[in-house]
Structure formats: C-alpha cells, structure tokens
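First up is the structure itself, then whatever we jot down about it.
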Amino acid sequence: MGQFTHNDDGTRRSLGVLTAAQRALPVLTGAGVYLTNLLHPGTPWWEYADVPAWAALMALTTPVTHSLNLHTLLPTTDTPTVLPETLAPADAVQQAQPATYGDHRSLQWAAARTTGQTHLAEVHLYNDGHPDFWGIVVAPAGETVPDLGDTALAGIFDLPVGTVKLALIEGSGPGRKLLTARPTLDTATAAHQDPIARIFTEKLARPGGGATGMHLTHYRREPNRIALRITAPDGQMIHLDQKQIARSLDYNDTSLIMVETDGLGDGLISIYKTHPLLNVREATAADLTMAPDGTIALGQQPDGRIGRVPLYDPQMGAITDLYVGAPGAGKSVTLLHVIAAERLSGIVSIVADAQDGMSLPEVDGRVYHFGKGVAATAATLAAANDLGKYREKISAANGWGSFDIGNPWPLVNVTLDELNRILSADAVVPRPFRKWVTGLVGDTQSTGRKLGLGIRFAAQSIHLADLGDKDRIRANAKNGTVWLGRTNSSTTQHMARDGVLPPGVELAPIPRYFGTGGNAIDAAFEGKEADRGPITAGMANIINGGSLYVNRTWNARKANKTYPHLINLMESAPIPRLTADEDRVFQESYARWLAHAEQLLAGDDEDPAGTGGGGVAYSSPATALNDEDGEQPAAGSIKDRILDLLTGGPLALKEIRRHMPDVAPGSVNNAMTDLREAGHVQPAGARGVYQLTN
C-alpha cells in the first residue's frame, strides 16, 4: 500500500503510506484516508473493513457520528475534503508526467480510447513492491462508466487478460465503478492480503484480542453488518470475549458486537454499524402460535432472523425456563408474550406474581389461574405440584411412560414472576417459608417433564442467593431456556460462567440505552449530561440447548398502564383449562395451601399435610424443609456474595469475612480459593487482598 518515487539517480524508492498519499493527492479524499489508516492503532475498524470494496463504498457515504463510535478518519485541519463524487471530470485532468505509480496508472487509463471521458482516481497499491492496485473510475456528471471486457481492461494497462476487473460499487450508481488489477496476487496471497482477514489476524486473533488463537474461515458483508465465521484450532474449544472484541475494534458500544457459538468449536462474530434492533414490530397471532416443534416466535435477532423459543419439547416433554432481568429490562413484557402464546396454543397457564399482581396485571382473568402476592405464589406452586402428583398416580396406574399433549391431559406451564421476593436471602419472609418454596421449585423442576407440567420462573438475577441458595434450581433451568436480559449486577458474567452461558462465551452486560457508547465518559470529561438513546427493554441473550443468540422481544405499546395489543391477542382465543378431575384437585389444593402459606408468613409453623381430593397425597412443607442442608448458605451462594463485594474494588480477605458474618471463616476462605483457581479473582498487590480478574 505504498507509493514509489525516484531518487536523483533514477532508482525507485518507497514512500511511507501517508506521505505517498499526500503527494499523490494534494487534498486527501475519503477513500484515500480510509486506506492510509488501514491497521493504524486507534482507527475504528468498520471504516476500512473489506478494503477496497468497503473503503470505496464508505468514501461515497456521509460520515458516521461520533456518538455511535464510528467517527470518521478525515484530518482534523481546516483543509477542505474532496469526496469521489466531487472529483474533477475527465476532461479537466491535466496531462502531466507521472510522479507516482498511481499517476502512471491514471494516465494510462486517460490515454486509452475505450475509456471515453472517464478518469481513474484513488489508485492504491495492495502491497509494496507489487504492481497490483485498485482505484475508482469516475464518469462526467450524468454519464456512466462504460462496461469494458477483460481483454479491453487488460490492454489499457498491458496486464494479463483476466487480471483486471471493473465492478459496480455497492450503494453507488454506474457513474463510479471499482477497478481492481491483480496480476501477481494468487489465491493464497490474496487471502493473506484480504483486509478483513488481515484485520482479524492482527486485531482479534492476537493475544488479548477477544478471539485469541481462533481462525477466520469465512466472512460476509451486508449493508449494516459484517459477519465473521470463526472456528477454534483442532482439539480446542471456541472462546470469544464480546467486550474484548469491541475494545480491539475501538467500539465503545458493546451492543454493536454480538457473538454466538455452538459451545464446541464454531462461532460467529457480528459487527454492526448501527444497532439493528432499535425498531421491532408488534407480535401477530401467527408469531405466538406454537409450531409443531414446540416453539414460538418471541422476537427478532439482529441479523433479521426470527428469535424462537420453545414452550414444549416434543422429544423431552415439558421444560424448565429461567427469565432474568432487572426492573425495566422488559422481563414482564416478555413473559406476557409467552403467556399470550400459551393461550393461543391451547396450553393451560398457571401464573403467579409475588408482587401482588403488579408485574403481570394483564393476565388477571385471562388465564386459568392467577395468584397475586407472596402467599398466593407459594400456594399456586404447591397446588401445581399436587397436580403433578395426581398425574403421576394416574400414569402409574395405567402404565403410561410418557406424556402426549391432549391425551388425556393438556400441557400445563407454571409461570412464577418476581420469585426473588420469596427465594432471595434478603426476602422478608420467614426462613421456613423460603425453604418450603425452594423445595417445591426443585421438585417441580425434577418431576414435571414427564407429566406435562413445565415451570418458568423469573427473578432479577441468577445469583444463588436469589434462587434459594440452590445450585440445582439454576442447573435445571439451563436445561430449558434462559432469557438473560439486562441485569444490575456486574457479576452476572461470573454467575453465568458457573453454568448458564455456553462454554467459550464471555458477554458484556446489556446497556440500559441504545447507542450511548462512550458518551457518558465524554460528557463527564466535559461536565455535561450524557445523551441517552432509546431504552433497550426487551433485549436479551437467549440460551437454549447450549447455543446462544441475541434477541429483542416484539414491541408492545403501553396505553392506560396496560398493553392493549397483548390483551387483544390473548382474548382472541378461549382460555385453555384443566380437565374436570384435575380442576378439582388443583382448586382444593390451592385453597388448602393458601391458608398454610398465610400461617407460615404470620410465623405459625403448623403443618397441614394430609390427603385431599381423589386421595392424592398433598405436598408437605416438611419435605421442602429437608431439602436444605444446614443453615449456612450454599457454596455457590458464598461465591456470589464474594464477587458482589469485590465489584466495589479490591478487599482484604478479612474484610470480606467481616461482611459475611453468617458464613464460617473457613467457608469464605475455601470459596475464595475456588474463585481464584477458576480465574474469577486475582491478588491485588498486598498479601491477602483480592480483586475481580477483569
């Protein structure tokens, strides 16, 4: 990519890239700047990806705003900038002796009879010391660049036939075309010189680049996206770090960098120019009607594909799902779409909202059952558990080994929102009550699959402390669908690495607003308020079956504090219900357990365990009480709490023990050792002081 001039004795010498470009073009044009900045540190990657084609395209478009971290590469002087469309027409080109290699090729083009009034500008070498080059052919205003065959093009430059090509530039008219001449670059060399491959190697695959040691096998370019197909070396696992990839490419907005893997050796990196999910349409009844494979369309992926999630697995049976998101992340609206889909698909929805029904008011009176409040949520779960035991008893009596929808029972999915209000160690509920509900969740997860009884619970984090200190709850949830929206905790990545995210993927947290990027730092430096883009509600990483993709839930417009479109979708189909015998079992069980839940919340530990309708043995809180091992938090929960403490900065181990008075000092020490061996924490200088690894 250099230029050549001559010494006094007539021998050629190579100029630096920037110097050559300045000598070749008194005023740098857009395309020239993109090329001359190729691979220079600190340059935004998008502008020169896929040179020459992408650079030529970018030279014809307006600069991208700094707010999206795609600032232009033009000089910061007062020198006016000339873009290719404003270059002088061919008849204004002065005939002069060539001072550079580019001038020489431009004069050859101008001298040819077949080129008409067009002229060749922006000539750049692919590599120093080789005659291979590219440039932009410009026609006079209102005219087109002629279509020339391989023989005519080769004759202009006296190069082998087939080595010179003329092609349209994406996004531009026929008045400008891209000329490429590659007489010496064979396939292997071309692949080595390909700008995207080179940038991947030098920026991402390098140590600390975010895709260290990985291989680029293929790429594709779209108007708003460049997709990189990645594979791990033989015998190694794929590893892609979203945040580090963004840093390596000088992207301040990590939401414009998205990664997917198969959990083994293959992955995909998508780099976007502007966020593709700013505007998502509303759901239709067809979107939310379950397909034969058990899935529904829950939203849109960044590349335009529909994001599908299962309500049921025809091979495995009912499923366990976990929906995680901070307030404002779009968790409740996403659950409303799922519940509407169940009604449209003939699935019985048993729903409870521990926040007194405030999170899901639209489902009140529109599903088979809706429990509102902490006591009602516990009773709903207990009654659903008894429903499963009833089905288990009938199945055993008839020798049924599997569940078929509608034969004889409908599919039932239990949705429990704001469950952290019960399971969290900070929840204001008696410990026996929390133990009871925790045990019921685990039991329903374990037994519901073969009984057509799925369970979906929603919380604000995936910390074990928020899931009743139960590793089993989180482990079972990852076997279904995990909807991981924006969370408040900066330790989400550590928790995800403990069993939720697929191997080899490290994700940056979803920001609260689109397109803010580094604006907050810029604003803080200048003493101003940071600009805020649209909120990212509904954005989530969806993990299912070891795969991960980014999705945004269908748009839902709010009016009068509800979502009328979702209400209309729900009311377009009848409410699916249990069979008569099942209805009796559930209703009697719910009434019994609601009374018991209220007693437990009031501090009365009386156990009303017994038998109810149809001789079914009802769930007992005693069973759930035995589900806990001692009074100390689970080992995973202790690690969660340590990581949370370290988000505020390095701490001495003795200080960490002081902040955890309910945990034995030896357990804190053991947890810290495990975290250090797993690479989550590291020494912070002084002896006994630790900090988060990243």
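Please read all numbers here as calculations on a predicted model, not as lab measurements.
- A side-chain donor-acceptor contact under 3.5 Å links Thr217 to the backbone of Arg229.
- Inter-residue side-chain proximity for Ile542 and Val309 is flagged as met; some heavy-atom pair is nearer than 4.5 Å.
- A donor-acceptor contact closer than 3.5 angstrom links the side chains of Ser270 and Arg225.
- Separation of atoms CZ (Arg456) and OG1 (Thr320) is listed at 10.0 Å; rounding is to 0.5 Å.
- By the 4.0 Å N-to-carboxylate-O rule, Glu418 lies close enough to Lys331 to be salt-bridged with it.
- Asn551 places a side-chain N or O within donor-acceptor distance of the main-chain N or O of Gln300, the cut-off being under 3.5 Å.
- Interatomic distance, OG1 of Thr481 versus CG of Leu298, reported as 9.5 Å (0.5 Å rounding).
- No donor-acceptor distance shorter than 3.5 angstrom exists from the side chain of Gln691 to the backbone of Leu646, with no hydrogens or angles considered.
- Between the OG1 atom of Thr254 and the CD atom of Gln242 there is a distance of 5.0 Å, given to the nearest 0.5 Å.
- Residues Pro534 and Leu278 are in side-chain contact: their nearest non-hydrogen atoms beyond the backbone lie under 4.5 Å apart.
- Atom-to-atom distance recorded for Tyr219:OH and Ile196:CD1 is 4.5 Å, nearest 0.5 angstrom.
- By the 4.5 Å heavy-atom criterion applied to side chains, Leu216 and Thr201 are not counted as neighbours.
- Between Glu677 and Lys639 there is no salt bridge, since no side-chain N of the basic residue sits under 4.0 Å from a carboxylate O of the acidic one.
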Q: Start with the C-alpha distance between Tyr690 and Leu675, add both sets of side-chain angles, then the distance that settles side chain to side chain contact (heavy atoms under 4.5 Å, CB included), and finish with yes or no.
A: CA-CA 10 Å; Tyr690 295 90; Leu675 289 171; over 6 Å; no
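- Side-chain contact between Ile271 and Leu249: present, with at least one pair of heavy atoms (C-beta onward) separated by less than 4.5 Å.
- What you find for Tyr272 and Asp303 is that their closest heavy atoms are OH-N, 3.3 Å.
- Between Arg512 and Arg486, the closest side-chain pair of non-hydrogen atoms falls below 4.5 Å.
- The shortest heavy-atom contact between Ala684 and Pro650 is CB-CB, 3.8 Å.
- Asp266 and Thr261 are not linked by any side-chain donor-acceptor pair at a separation below 3.5 angstrom, with hydrogens and angles left out of the test.
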(Q) With side chain to side chain contact (heavy atoms under 4.5 Å, CB included) as the criterion, how do His275 and Met539 come out once you've worked through the C-alpha distance, each side chain's angles and the decisive distance to 0.1 Å? (A) CA-CA 12 Å; His275 209 291; Met539 284 282 295; 3.8 Å; yes
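- By the 4.5 Å heavy-atom criterion applied to side chains, Arg641 and Met660 are counted as neighbours.
- The two atoms that bring Ala227 and Leu268 nearest to each other are CB-CD1, 4.0 Å, heavy atoms only.
- Ion pair Glu655/Arg657 not flagged as a salt bridge, since none of the NZ, NE, NH1 or NH2 atoms sits closer than 4.0 Å to an Asp/Glu carboxylate oxygen.
- Side-chain atoms of Asp132 come within 3.5 Å of backbone N or O of Thr184 as a donor-acceptor pair.
- To the nearest 0.5 Å, atom CZ of residue Phe200 and atom CG of residue Leu228 are 7.0 Å apart.
- The distance from the CG atom of Leu322 to the CZ atom of Phe457 is 5.0 Å, given to the nearest 0.5 Å.
- The aromatic rings of Trp134 and His124 sit tilted, their planes meeting at an angle between 30° and 60°.
- Looking at Lys243 and Asp241, no side-chain N of the basic residue comes within less than 4.0 Å of a carboxylate O on the acidic one, giving no salt bridge.
- Between Asn544 and Val482, the closest side-chain pair of non-hydrogen atoms is not below 4.5 Å.
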Q: Run the numbers on Tyr323 and Leu484 for side chain to side chain contact (heavy atoms under 4.5 Å, CB included), then give the verdict.
A: CA-CA 6 Å; Tyr323 283 67; Leu484 187 59; over 6 Å; no
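- Here the closest non-hydrogen pair linking Leu204 and Ser248 is CD2-CB, 3.8 Å.
- A heavy-atom distance below 4.5 Å is found between the side chains of Ile642 and Val668.
- Thr334 and Thr553 are linked by a side-chain donor-acceptor pair at a separation below 3.5 angstrom, with hydrogens and angles left out of the test.
- For the side chain to side chain contact (heavy atoms under 4.5 Å, CB included) with Ile656, the lone residue among Leu645, Asn669, Val689, Val663 that qualifies is Leu645.
- Looking at every heavy atom in both residues, Gly328 comes nearest to Ile535 through O-CD1, 4.1 Å.
- Classification of Glu202 and Arg206 as a salt-bridged pair fails, no side-chain N sitting under 4.0 Å from a carboxylate O.
- More than 12 heavy atoms of other shown residues, nucleotides or ligands fall within 6.0 angstrom of atom CZ in Arg281.
- Of all the heavy atoms in Ile306 and Ala297, the pair that sits closest is CG2-CB, 3.3 Å.
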Q: Test His215 against Ile230 for side chain to side chain contact (heavy atoms under 4.5 Å, CB included), laying out the working first.
A: CA-CA 6 Å; His215 299 314; Ile230 311 300; over 6 Å; no
